[in-house]
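Quick note on labels: first sequence line is chain A, next is B, and so on, each numbered from 1.
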Protein chains: 2
Amino acid sequence: MQGDKQTMKIVKQSLEEQAASYLRELILNGNYQMGQKLVESTLAKQLELSRSTVRMALNTLAHEGLVVQKPYIGWQVINLTESDLWELYHLRVALETRAAWLAAEQITEQGKSRLNELMAYYLEAGKTAKVSSYQISKIDLDLHTLIVELSGNQRLQQIYRNVANQIRIYFNIDHADYDLEESALSHVPLVQAICCGNSEKAQALAEENITTYRKIEEKFREQH
Amino acid sequence: MQGDKQTMKIVKQSLEEQAASYLRELILNGNYQMGQKLVESTLAKQLELSRSTVRMALNTLAHEGLVVQKPYIGWQVINLTESDLWELYHLRVALETRAAWLAAEQITEQGKSRLNELMAYYLEAGKTAKVSSYQISKIDLDLHTLIVELSGNQRLQQIYRNVANQIRIYFNIDHADYDLEESALSHVPLVQAICCGNSEKAQALAEENITTYRKIEEKFREQH
DNA sequence: CATTGCAGATTGTCGGACAATCGACAAAGT
DNA sequence: ACTTTGTCGATTGTCCGACAATCTGCAATG
């Protein structure tokens, strides 16, 4: 009634969406192993939903690339291969470079503050110590996700989210140590370029920035 | 039994897939208008399938961006707005530039011949006369689709297909005349760069090439 | 030892049922 | 006249149960 916003928020989520979100989190948090079988009827009992609803949720996750469906055999959590990582890496390059360009092109004051805030948090965290690649990838993805968000392109954002989620699955099983501070520092020029509205430079830096992650891809190749 | 390949091909497509393909073609060929309502029960009768199966097919098309679903209201063919075209345009840039880079990076003899073959057909068709944007977009998309295919990145290919399909919907209602020959000629340097394995140049040319299509986007803006 | 055939498990598809929600219009109240 | 409320039809959301189609593994067969 007053000027304040009403904080009341009605959650309107279909059961299918809720089931999909639930399973998505389980997969992303590593509760399921890569390639693990998911049986419709079993999940239906666990979630106390009908098989149809579970099936639709799995369908959604399949479209997001988190699970795969083999006809008459079943669903299973995606099993990332070497070539999958290669594909995801190049998709990231394609999407993030354009996102950085767009973000720089139309950056606002609000956007700048959000970027700098997250960057500051990133740098602060970097001072602590070496951490697992899981955490480094999380905070790194947060920053890149923000850049994608600032691109203002919802379709790009949606696709990027799916790509990023698939990458997160891999980082769940990679527990090597990386230097978080070095990672944080390498993002500073990119953030600056975006805030300055220098789109060409932002694009180039974004590409260069991801290229450093190629090390991880190569490391994967050695292991297999 | 002999050395020849057996041409026997068992079609193994679920009813859902068949329904999705059928509806997809209807939408892409302009049999439905943008924003038209699609009723599950009506389609189920038409296709002689159960509502569940139709629903799953519509779900697939929704993930592809061809239809949208509003809870408790229904499904409808996507209604492309100005901002949708803007999003799609930049997605094309992001995907195609990387695809061109990748294609040039790993082009094979077979790839070269396929490219040159299609390019020759393109140039030949260009000599005929002015044609509608529908046809020009079709043959143009064919070429770009081939480049994306030659990138060897299946995920990129999949996403590009969805983006291209959404763009095709718009070209169904844009019947202005364009110069096909000019369009064909503008692609020659790109094809050459890819065949020469000059990835950086191919990337730059791909971006420049799509930029010419910005005219269409601007034209759309004027109309609305 | 290779092939065949069978049984169990799981998915693919269907039809029906009922609740939940939406849009629109009529009815009621001020 | 205007707003609010109630109602109704249409459509989707969800569930259930049933059966066919298919895959896997293993036993039976030759």
May I ask you to say whether [X] pairs ionically with [Y], meaning some side-chain N is under 4.0 Å from a carboxylate O?
X        : Y        : value
B:Glu207 : B:Arg98  : no
B:Glu117 : B:Arg114 : no
A:Asp142 : A:Arg168 : no

First of A:Val54 and A:Tyr72 reached from the 5' end of DNA chain D, by closest nucleotide: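 The residue mapped nearer the 5' terminus is A:Val54.
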Residue closer to the 5' end of DNA chain D, A:Ile73 versus A:Glu17 (nearest nucleotide):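 Result: A:Glu17.
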Between B:Ser199 and B:Glu105: side-chain donor-acceptor atoms closer than 3.5 Å: yes
Side-chain donor-acceptor pair present, B:Thr81, B:Asp84, cut-off under 3.5 Å: yes
Outermost nucleotides of DNA chain C that come under 4.0 Å of a non-hydrogen atom of chain B: C:dT13 to C:dG23
Heavy-atom donor-acceptor pair, A:Lys45 side chain to A:Ser50 backbone, under 3.5 Å: no
From A:Asn172 atom CG to A:Ile167 atom CD1, the distance as rounded to the nearest 0.5 Å: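 Interatomic distance, A:Asn172 CG to A:Ile167 CD1, rounded to 0.5 Å: 12.5 Å.
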Gap between atom OG1 of B:Thr60 and atom NE2 of A:His63 - 0.5 Å precision: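 One gets 4.0 Å once the value is rounded to the nearest 0.5 Å.
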Using whole Å, report how far [atom1] of [X] lies from [atom2] of [N].
X       : N      : atom1 : atom2 : value
A:Arg55 : D:dT14 : CZ    : C1'   : 15 Å
A:Trp75 : D:dC23 : CH2   : C1'   : 16 Å
A:Gln18 : D:dG13 : CD    : P     : 14 Å

Contact list for DNA chain C against residues 35-47 of chain A - heavy-atom distance below 4.0 Å: A:Leu38, A:Val39, A:Glu40
Under 3.5 Å donor-acceptor pair, A:Arg51 side-chain atoms to D:dG17 base atoms: no
Sugar-phosphate, base or nothing in reach of A:Ser52, heavy atoms under 4.0 Å: base
